[in-house]
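These notes concern the structure reproduced below.
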Amino acid sequence: MTPIQSVLPAITPVLPEIVLSVGALLLVLYGAWRGERSSEGVNVGALILLIFTFFLVVSQTGNVTTLNGAFIADPFARVMKSLILIGSAATILLSRDYFQRERIDRFEYPILIVLCTIGMLVMASANDLISLYLGLELQSLAAYVIAAFHRDDVKSTEAGLKYFVLGALSSGMLLYGASLVYGFTGTVSFPGIVTALNGPSSFGIVLGIVFVAAGVAFKLAAVPFHMWTPDVYEGSPTPVTAFFGSAPKVAAMAMTVRVFIGAFPDVTAVWQQIIVFVSIASMALGSFAAIGQRNIKRLMAYSSIGNVGYALIGLAAGSEEGVRGVIIYMVIYLAMTLGAFAVLLSLRRKDKMFETIDDLSGLSRTHPWLAFCLAAMMFSLAGIPPLAGFFAKFYVFAAAIKAGLVTLAVVGVVTSVVGAFYYLRLVKVMYFDEARAPYERIPPGSAIVLGVSSAVVVLFFLVPAPLVAAAGDAAKALF
């Protein structure tokens, strides 16, 4: 056997991450060579790179562990990585027109998205605490930069600074929790931790789990570590906000499932209480705090907090059905979020973007299809059948009830009713308020993202079986 043949089995599972890394380096070289003229080429190159990596991911099979057990390529990782790559590619499509009009179209932006994506892919496949942390930090460092990408805008700079300071704090908490877990188990490997915890859990382990939970809750923007979300969502450039609300949310949820189901399945009673509290608090705050918001980006920030709470219901169940519900929820949430931001990025007259609820007045009369698509997103986010959002909530609620968490499911239903108020208010403004001057034609990238997202949200009930089956297979790989 040649040296190359002996190495191939070890690197094949990591091939998507290697391809993205090499591609990012080549894009940096091209951008440095061509300067600002390279922006369009780098955007196209990054998009092709993400699409190619997507096909690499879906072509993988089996359940393989490599890099001395630090990295795992299983059906769960493949599903979550596919969503992450779709979210990142959609962000680049949404960004092009916006950055050109704002005169901040630089080649570094798509490269930062690719680097962020590499970190997210590692998070989804992490099989020990060190690889998890490395992936998280790679994703976070790139995210801090793109939050402040509009350097001449005070809000964007402030958003990047807030995200960086609070992100550093959360990373420290996660690392401290990981060090406690290592200290009391003697290993950082998830399978090793499972073996070491085959008995009564000590106070040190419980404390470590609490700190790890605090770190991942920040990345999820879950209560009580949500405080950065509204300001960062509002201050960041709108395509960056769309990115934060999509791919990193999927990666953070994948990381959370990996940690608690992969490393702590025998101490479910310990972390289940934390997840139940975080879920209830996130659903409540997301539902009530959004009622007074007039800025759509801030409203979507609180909506994302609430949606994380609903997804965590599935994790709290601690079962295969629960994880399946989480995966289905994140697929549908990704479509709803990207669709809503595609509409928001279309609200432009000349050089001015519009972001408040009042700016949607009479949209159904000036842009009927745009209003229809946004209404579908809002009805779906509210959980109204037969749109996809109803099924997303149905699967997590059903898993919670099956696991005996009836109170948690009831709280979820009640907060869904409260949250429906501010979603339906947007529909009321679009269809019943006086029309304003029409906006410009929707950019091609936004039109593609909006069309695909709307099709998923509206037509999901016709063919739910493929997604449910794929989510079931992915969940089964963790149990």
Side-chain angles (χ1 to χ4, degrees), residues 14 16-17 20-21 24 67 69-73 76-77 80-81 83-85 87-88 91 112-147 160 162-182 187-190 193 208-222 225-229 232 240 243-264 271 274-275 278 304 308 311-312 315 326 330:
V14 201
E17 288 79 4
L20 276 185
S21 301
L67 302 182
F71 189 96
I72 185 168
F76 176 77
M80 301 310 270
K81 284 180 179 181
L83 296 180
I84 290 165
L85 290 163
S88 299
T91 300
L112 286 166
I113 294 289
V114 171
L115 293 173
C116 203
T117 305
I118 298 167
M120 291 188 284
L121 297 189
V122 173
M123 288 163 65
S125 280
N127 200 39
D128 71 17
L129 293 169
I130 293 176
S131 58
L132 182 83
Y133 185 74
L134 289 174
L136 180 64
E137 284 306 293
L138 178 56
Q139 180 259 322
S140 298
L141 290 171
Y144 303 150
V145 178
I146 59 174
K162 283 182 178 178
Y163 195 13
F164 169 69
V165 172
L166 293 171
L169 175 64
S170 75
S171 294
M173 295 173 74
L174 178 64
L175 201 56
Y176 180 62
S179 68
L180 284 172
V181 172
Y182 172 69
T187 179
V188 294
S189 167
F190 291 169
I193 292 170
I209 291 173
V210 169
F211 274 99
V212 168
V216 299
F218 177 90
K219 298 305 175 185
L220 284 168
F225 302 97
H226 66 285
M227 65 290 290
W228 59 275
T229 315
V232 171
V240 175
F243 179 65
F244 288 162
S246 54
K249 279 282 191 294
V250 175
M253 189 58 70
M255 172 183 71
T256 307
V257 172
R258 277 271 181 226
V259 169
F260 291 112
I261 301 296
F264 306 112
W271 58 260
I274 302 170
I275 299 299
V278 169
S304 75
V308 162
L312 286 175
L315 177 59
V326 171
M330 296 315 295

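Residue numbers start at 1 and run along the sequence shown.
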Legend entry - Spatial distance of atom CG (Leu138) from atom CG (Leu121) [nearest 0.5 Å]: 9.5 Å

Inset, instruction - Could you pull out the closest heavy-atom pair between Tyr144 and Tyr163, with the gap in Å? - result: CE2-O, 3.4 Å

Inset, instruction - Drop me the distance from Phe218's CZ to Met173's CE, to the nearest 0.5 angstrom. - result: 10.0 Å

Legend entry - Shortest non-hydrogen contact between Pro248 and Gln139, atoms and distance: CB-NE2, 3.8 Å

Legend entry - Any Ile193 side-chain heavy atom under 4.5 Å of Leu129 side chain: yes

Inset, instruction - Mind checking the CE-CE spacing from Met80 to Met123? Nearest 0.5 Å is all I need. - result: 10.0 Å

Legend entry - Rounded distance [0.5 Å steps], CG in Leu136 versus CG in Leu141: 9.5 Å

Legend entry - Min side-chain heavy-atom separation Val212-Tyr176 under 4.5 Å: no

Legend entry - Closest approach of Lys81 to Glu17 (non-hydrogen atoms, all atoms of both residues): NZ-OE2, 2.8 Å

Inset, instruction - Of all the heavy-atom pairs spanning Phe244 and Ala143, show the shortest one and how long it is. - result: CZ-O, 3.5 Å

Legend entry - Distance in Å, Leu174 CG paired with Leu169 CG, rounded so as to fall on 0.5 Å steps: 11.5 Å

Legend entry - Check: Ala124 main-chain N/O paired with Arg258 side-chain donor or acceptor under 3.5 Å: yes

Inset, instruction - Spell out, as yes or no, whether a donor-acceptor pair under 3.5 Å connects the side chain of Ser131 to the backbone of Ala70. - result: yes

Legend entry - Euclidean distance, Leu112 CG relative to Phe243 CZ, rounded to 0.5 Å: 9.5 Å

Inset, instruction - Look only at the side chain of Ser170 and the backbone of Gly215, and say whether a donor-acceptor pair between them is shorter than 3.5 Å. - result: no

Inset, instruction - Please find out if less than 6.0 Å separates the ring center of Phe260 from that of Trp271. - result: yes

Inset, instruction - Keeping the roles fixed (side chain from Ser125, backbone from Val122), state whether a donor-acceptor pair exists under 3.5 Å. - result: no

Legend entry - Side-chain heavy-atom pair Lys219, Ser171 within 4.5 angstrom cut-off: yes

Inset, instruction - Mark yes or no for whether Asp128, through its side chain, and Val188, through its backbone, hold a donor-acceptor pair below 3.5 Å. - result: no

Inset, instruction - Compare every heavy atom of Leu20 with every heavy atom of Val114, then report the nearest pair and how far apart it is. - result: CG1-O, 3.8 Å

Legend entry - Leu85 backbone acceptor or donor facing Ser88 side chain under 3.5 Å: no

Legend entry - Main-chain N/O of Glu137 paired to Ser140 side chain as donor or acceptor, under 3.5 Å: no

Inset, instruction - Would you name the heavy atoms of Ile72 and Ala77 that are closest together and state the gap between them? - result: O-CB, 4.0 Å

Legend entry - Side chain to side chain, Leu312 and Met253, heavy atoms closer than 4.5 Å: yes

